[in-house]
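To keep things clear, I will list the structure first and then write my remarks on it.
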Amino acid sequence: MFNFFKKTLSNIYNHFTNKIGALFKSNKIDQDTLNELEKILITSDTGVSTTKIIVDKIKDEFKNGNIKSGTDLRDVLAQELKGILTKNSYDSDVDIYLLVGINGSGKTTFAGKLSSFLKYKNKKVLLVAADTFRAAAREQLGKIAQKLDVDIIEGQEGQDPASVVYLGCQEYKKGNYDSLIIDTAGRLQTKTNLMKELEKIKKSINKQLPDKKISVLLTIDSMLGQNSLDQAKIFNESTVLNGIILTKMDGTGKGGIVFAITRELNIPIAFISFGEKLDEVKLFNAQEYVDELLAN
Ligand SMILES: Nc1nc2c(ncn2[C@@H]2O[C@H](COP(=O)(O)OP(=O)(O)OP(=O)(O)O)[C@@H](O)[C@H]2O)c(=O)[nH]1
């Protein structure tokens, strides 16, 4: 299990894990160590408020005499980070995946990865290309569906996305599918429009497939750092999000964004995506993430 990080998320390994690992090697912990920890968390996109909560807790434990060595520091930090991530965990028992996120965040690529992931679990998958604004996005998904031999329902240019979703739901019922993956348009609209569109789509799904479990997942480009948090806030205020997909984790050295998003928005990370190949995706596991992040 360990080395997944080293191999696939080498940027995080080089920037975060190695730096923080140096602190754990010290025999004596002092104020300088705590200042350095704070600096590493901030420069890793953990965000000011989340970093403060983590560092305050560490300072308290230090004052109480519970942190004397680098190993103690690692143990307390691990506990604190896992606490943030496990407050709210993702329920992966899902029938319908509604993917939202802005253009370029890796939504379509993830739709393909998710199809592949579910197919591997012997699920019969139906894809719905509900982005009726960008022909290129539909073409991209069409190619992925063909490559994976997965069925797809495609909307026409300018068609109401909710009507494409309607067709997708009909086909899902007729074809006895297990999983429905809906790729929506990636425009960053005004909050009101976004809200209206997503509510219309969800209403259509609920009406036709009332017994099925829907998960609304937001793709976030982890390389955008703190800006990704602002995007997530807009989507979070527009609809109920069940999970976050952090994409392009192979390109960032800043693994702290995971903690900032989870704590500030109280939404669990559902998947991480770390490359352009279809199998470069993983259900997020908080324990494993923290253990690997702090292992050196
Ligand atoms: N390195 C890396 N690249 C990725 C990852 N996910 C997606 N990409 C790339 O990021 C670019 C945008 O991904 P898309 O899946 O097209 O993004 P989208 O959100 O669907 O955007 P539109 O198709 O424009 O709606 C593409 O070049 C992908 O190959 C990832 O996890 N790692």
Side-chain angles (χ1 to χ4, degrees), residues 8 90-157 159-186 198 201-202 204-206 208-209 211-221 242-250 270-284:
T8 55
Y90 177 64
D91 179 2
S92 61
D93 180 20
V94 172
D95 306 300
I96 302 167
Y97 299 85
L98 183 60
L99 307 183
V100 300
I102 68 153
N103 282 131
S105 59
K107 198 162 26 69
T108 307
T109 305
F110 177 76
K113 289 179 175 188
L114 183 61
S115 307
S116 170
F117 176 88
L118 293 168
K119 234 189 128 179
Y120 184 73
K121 289 182 177 288
N122 289 323
K123 302 279 187 195
K124 190 178 176 195
V125 177
L126 178 64
L127 272 167
V128 178
D131 184 346
T132 54
F133 295 88
R134 270 182 20 93
R138 293 195 299 282
E139 268 167 35
Q140 189 188 346
L141 199 62
K143 279 188 195 149
I144 292 173
Q146 202 174 19
K147 190 170 168 187
L148 287 170
D149 195 19
V150 163
D151 295 332
I152 183 166
I153 297 288
E154 288 177 60
Q156 300 301 314
E157 187 87 33
Q159 193 178 344
D160 178 359
S163 73
V164 186
V165 172
Y166 175 85
L167 294 175
C169 292
Q170 293 295 315
E171 187 59 29
Y172 176 87
K173 277 195 276 196
K174 256 196 287 172
N176 252 328
Y177 289 91
D178 302 302
S179 309
L180 186 67
I181 303 174
I182 303 165
D183 186 20
T184 63
L198 292 175
I201 288 176
K202 273 166 66 181
S204 172
I205 300 170
N206 283 327
Q208 295 172 83
L209 304 168
D211 304 328
K212 298 293 170 187
K213 221 158 121 187
I214 310 178
S215 195
V216 183
L217 297 175
L218 173 69
T219 47
I220 291 277
D221 180 343
N242 302 96
I244 303 274
I245 301 141
L246 269 178
T247 65
K248 310 185 192 178
M249 286 289 277
D250 51 314
F271 288 90
I272 53 171
S273 165
F274 43 87
E276 299 192 49
K277 290 200 213 100
L278 284 170
D279 63 350
E280 288 172 325
V281 69
K282 210 170 185 296
L283 252 180
F284 183 71

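- Contact of the Thr8 side chain with the Lys282 side chain is not registered, since no non-hydrogen atoms from C-beta on lie closer than 4.5 Å.
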Verdict with reasoning, Leu180 to Ile205, per side-chain contact (heavy atoms from CB on, under 4.5 Å): CA-CA 10 Å; Leu180 186 67; Ile205 300 170; 5.6 Å; no

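- With Tyr172 contributing its side chain and Asp178 its backbone, the two residues share a donor-acceptor pair below 3.5 Å.
- With contacts defined as side-chain heavy-atom distances shorter than 4.5 Å, the pair Leu246/Phe284 does not qualify.
- The environment of NZ in Lys147 is sparse: at most 12 heavy-atom neighbours from other residues, nucleotides or ligands sit within 6.0 Å.
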Steps toward side-chain contact (heavy atoms from CB on, under 4.5 Å) verdict (Asp149, Lys119): CA-CA 10 Å; Asp149 195 19; Lys119 234 189 128 179; 4.0 Å; yes

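- Looking at every heavy atom in both residues, Thr109 comes nearest to Gln140 through OG1-NE2, 3.8 Å.
- Between the Ser116 side chain and the Asp279 main chain, no donor and acceptor come within less than 3.5 Å of each other.
- From Tyr177, atom OH reaches atom CG of Leu209 across 13.0 Å, with rounding to the nearest 0.5 Å.
- Minimum heavy-atom separation, Leu127 to Ala145: CD1-CB, 3.9 Å.
- Judged by distance alone, the side chain of Thr247 and the main-chain N or O of Ile220 form a donor-acceptor pair under 3.5 Å.
- Counting non-hydrogen atoms of neighbouring residues, nucleotides and ligands closer than 6.0 angstrom, the CD atom of Gln146 reaches no more than 12 such neighbours.
- When all heavy atoms of Ala270 and Leu283 are compared, the closest pair comes out as O-CD2, 3.4 Å.
- A donor-acceptor pair under 3.5 Å is formed between the side chain of Lys113 and the backbone N or O of Glu280.
- The two residues Gln159 and Gln156 have their closest heavy-atom pair at OE1-N, 2.8 Å.
- Contact of the Ile182 side chain with the Ile96 side chain is registered, since non-hydrogen atoms from C-beta on lie closer than 4.5 Å.
- In this structure, the side chains of Leu141 and Asp131 stay at 4.5 Å or more apart for every pair of heavy atoms.
- Between the side chain of Arg138 and the backbone N or O of Glu154, no donor-acceptor pair lies under 3.5 Å.
- Contact of the Ser163 side chain with the Leu167 side chain is not registered, since no non-hydrogen atoms from C-beta on lie closer than 4.5 Å.
- Note that CD of Glu139 and CD1 of Ile144 are 12.0 Å apart. Values are rounded to the nearest 0.5 Å.
- Salt bridge status for Asp91 with Lys213: present, with a side-chain N to carboxylate O gap under 4.0 Å.
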CA sep, side-chain torsions, deciding dist, call: Leu98, Thr184, side-chain contact (heavy atoms from CB on, under 4.5 Å): CA-CA 7 Å; Leu98 183 60; Thr184 63; 3.6 Å; yes

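- A donor-acceptor distance shorter than 3.5 angstrom exists from the side chain of Gln208 to the backbone of Ser204, with no hydrogens or angles considered.
- No more than 12 heavy atoms of other residues, nucleotides or ligands lie within 6.0 Å of NZ in Lys123, so this atom counts as exposed by the packing criterion.
- Residue Ser273 holds its OG atom at 10.0 Å from CG of Asp221, rounded to the nearest 0.5 Å.
- In terms of heavy atoms, Leu126 sits closest to Gly168 at CD2-O, 3.4 Å.
- In terms of modelled atom types and a separation under 3.5 Å, the side chain of Lys124 and the main chain of Gly175 share a donor-acceptor contact.
- Of the inter-residue distances, the one linking Phe110 atom CZ with Tyr97 atom OH reads 8.0 Å to the nearest 0.5 angstrom.
- Between Tyr90 and Gly243, the shortest heavy-atom distance links the atoms CD1-CA, 4.3 Å.
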Check against side-chain contact (heavy atoms from CB on, under 4.5 Å), Asn206 and Ile214: CA-CA 9 Å; Asn206 283 327; Ile214 310 178; 3.5 Å; yes

